[in-house]
Amino acid sequence: MTIRSIEIRRAHIELVAPFQTSFGVETDRHLLYVRVVGDGAEGWGECVAMTDPLYSSEYVDGCEDVLRRYLIPCVTPDSTLQSVLDSMAAFRGNYMAKAALEAALLDYFTRLDGVSLATYLGATQTRVASGVSVGIQPSIDALLDVVGRYVADGYVRIKLKIEPGRDIEPVRAVRNAFGDDMLLQVDANAAYRVEDAEHLARLDEFNLLLIEQPLPEEDLVGNVDLVKRVRTPICLDESITTVEVARGALDIGACSIINIKPGRVGGYVEAKKIHDLCLSRGVPVWCGGMLETGIGRAANLALAALPGFTLPGDTSASKRYFTTDVTTPFELRDGYIDVPNGPGIGVTPIPAVLDAFTSSVSSIAID
Ligand code: OSB
Ligand code: MG
């Protein structure tokens, strides 16, 4: 049970198509993987931070720095998961960096125990219903075309990225083209201000499941006003960074649904705490995504299999993101993706594929 080293691997992968949001356009992913190497097992974690600090204050090179300087030094040869979590808690923020190391340790320890991450977390589902997040498109025709292809693939819920000026009409067009029964929601990635409440209320006529993160990350209180002026449920993503923030948001009535992203909240253990809180209060949650490759996707599917995940997540198939994934690709079957059931996250990178995407690997001895 001795941890010998921790590897940081940097890699680069192209997306199948540019992904435009209110904060920018992503065409590729600069990846950071953490690999824990110990006696009898190894474990993999994927960092969800993006290249630039546009979605959140974290970015991938910053995560590498904080991992090297502060987080990896929290690990000793005989660390337990809890001892590392306790040591890392001394450092503020840096949720995505912490989550990457935690994920690798979770994979490592659950593999040693021969148990799947899904079982370890308390999963009750063997497959999860999958939605898809659709980027802002250059025209309404292009949008209808893209949505049509995802509907044909079988996705059970469509999420449209919106921003001021590209919101009401795209949503109206999708509703008209695909009908009232399609599960539809929007994500603003913090592009509005509370003064836009009346404008956002124009989305009410489209019977959306939710509006995700309309206001800036820090303006939790602004949502209290917004929820009174908009009938569509407000869901928070960026704002929810810890279970304490989640509890506060629910207590003050800032939202009625939460998007849980393990990377954004510092890991799967914290994600489960938010899930448990929401389940106890009857608040629906769903599993968000950060354009993960197979390593991060496998772990997200394990989380999304918990009982409180009653709304379809952004847990799409590998080919929605990448031509070639670093693991055996995750596939959509009748709108669902199977939850891996092997030990740990249930998948490992395919060495030749991962090597082809890799730019650097460095190993840090644990002693
Ligand atoms: O806000 O949910 C978001 C992707 C990158 C950063 C933020 C977000 C997203 C997505 C896509 O919406 C989720 C996915 O399919 O992985
Ligand atoms: Mg979001």
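Both ligands and their constituent atoms are indexed starting at 1 by order of listing. Only a predicted model underlies this, so the values are computations on that prediction, with no experimental measurement involved.
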field: Heteroatom N/O/S of D237 within less than 2.8 Å of the Mg ion (ligand 2)
entry: yes

task: Examine the proximity of ligand 1 to Q213 and report which part, side chain or backbone, both or neither, has a heavy atom under 4.0 Å away.
output: neither

- prompt: Nearest protein heavy atom to atom 14 (C) of ligand 1, by residue and atom, and its distance?
  reply: Y321 OH, 3.3 Å

query: In D187, what N, O or S atom is nearest to the Mg ion (ligand 2), if we give its atom name?
result: OD2

message: Give me the residue, atom name and distance of the protein heavy atom closest to atom 13 (C) of ligand 1.
response: G289 O, 3.3 Å

- request: Determine, for R281 against D276, whether the closest basic-nitrogen to carboxylate-oxygen distance falls under 4.0 angstrom.
  value: no

Ligand 1 N/O within reach of S316 N/O, cut-off under 3.5 Å: no

message: We want to know whether T76 and D78 form a side-chain donor-acceptor pair, criterion being a heavy-atom distance below 3.5 angstrom.
response: yes

field: Parallel, tilted or perpendicular: ring planes of H30 versus H12, cut at 30 and 60 degrees
entry: tilted

- prompt: Which atoms of ligand 1 sit under 4.0 Å from any heavy atom of S133?
  reply: 10 (C), 11 (C), 12 (O)

message: Applying a heavy-atom cut-off of 4.0 Å, say which part of E238 lies close to ligand 1: side chain, backbone, both or neither.
response: neither

message: Heavy-atom distances under 4.0 Å decide this one: backbone, side chain, both or neither, for D237 against ligand 1?
response: side chain

- prompt: What's the shortest distance from atom 6 (C) of ligand 1 to any protein heavy atom, and which residue and atom give it?
  reply: M290 SD, 3.4 Å

field: Closest candidate by heavy atom, reference atom 7 (C) of ligand 1, pool E292, K261, R320
entry: K261

query: Side chain, backbone, both or neither: which part of E26 comes within less than 4.0 Å of ligand 1 when only heavy atoms are counted?
result: neither

Identity and distance of the protein heavy atom lying nearest atom 16 (O) of ligand 1: L291 N, 2.8 Å

statement: Atom name of the N, O or S atom of E212 nearest to the Mg ion (ligand 2) is OE2

- prompt: Can W44 and E46 be counted as having a side-chain donor-acceptor contact under 3.5 angstrom?
  reply: no

task: Return yes if some donor-acceptor pair links the side-chain N/O of R9 with the main-chain N/O of L31 below 3.5 Å, else return no.
output: no

message: Hydrogens and angles aside, do Y33 and T293 bring a side-chain donor and acceptor to less than 3.5 Å of each other?
response: yes

query: With a cut-off of 2.8 Å, does D314 place any N/O/S atom under that distance from the Mg ion (ligand 2)?
result: no

field: Least distance between heavy atoms, I337 atom then F330 atom
entry: CG2-CD2, 4.0 Å

query: Which ligand 1 atoms are under 4.0 Å away from a heavy-atom of Y55?
result: 1 (O), 7 (C)

query: At a 4.0 Å threshold, what atoms of ligand 1 neighbour a non-hydrogen atom of E212?
result: 2 (O)

message: Quick one: does any side-chain atom of R193 pair with a main-chain N or O of P216 as donor and acceptor, under 3.5 Å?
response: no

Worked check of side chain to side chain contact (heavy atoms under 4.5 Å, CB included) between I158 and L183: CA-CA 6 Å; I158 299 290; L183 300 183; over 6 Å; no

Enumerated ligand 1 atoms positioned under 4.0 Å from heavy atoms of K161: 1 (O), 2 (O), 3 (C), 8 (C), 9 (C), 10 (C), 12 (O)

message: If the cut-off is 4.0 Å to any non-hydrogen atom of K159, which atoms of ligand 1 fall inside it?
response: 2 (O), 3 (C), 12 (O)

task: Using the ring of Y336 (Phe, Tyr or Trp, six-membered ring only), decide whether R127 places NZ or CZ under 6.0 Å from its centre and within 45 degrees of its axis.
output: yes

query: Can you list the ligand 1 atoms lying under 4.0 Å from a non-hydrogen atom of N189?
result: 1 (O), 3 (C)

- prompt: Got a donor-acceptor contact below 3.5 angstrom from the R175 side chain to the G179 backbone?
  reply: yes

- request: Among all protein heavy atoms, pick out the one at the shortest distance from atom 4 (C) of ligand 1; state its residue, atom name and that distance to 0.1 Å.
  value: F19 CE2, 3.6 Å

- prompt: Pick from L210, T310, T315: which one makes a side chain to side chain contact (heavy atoms under 4.5 Å, CB included) with W286?
  reply: L210

query: Would you call R157-D314 a salt bridge at under 4.0 Å N-O?
result: yes

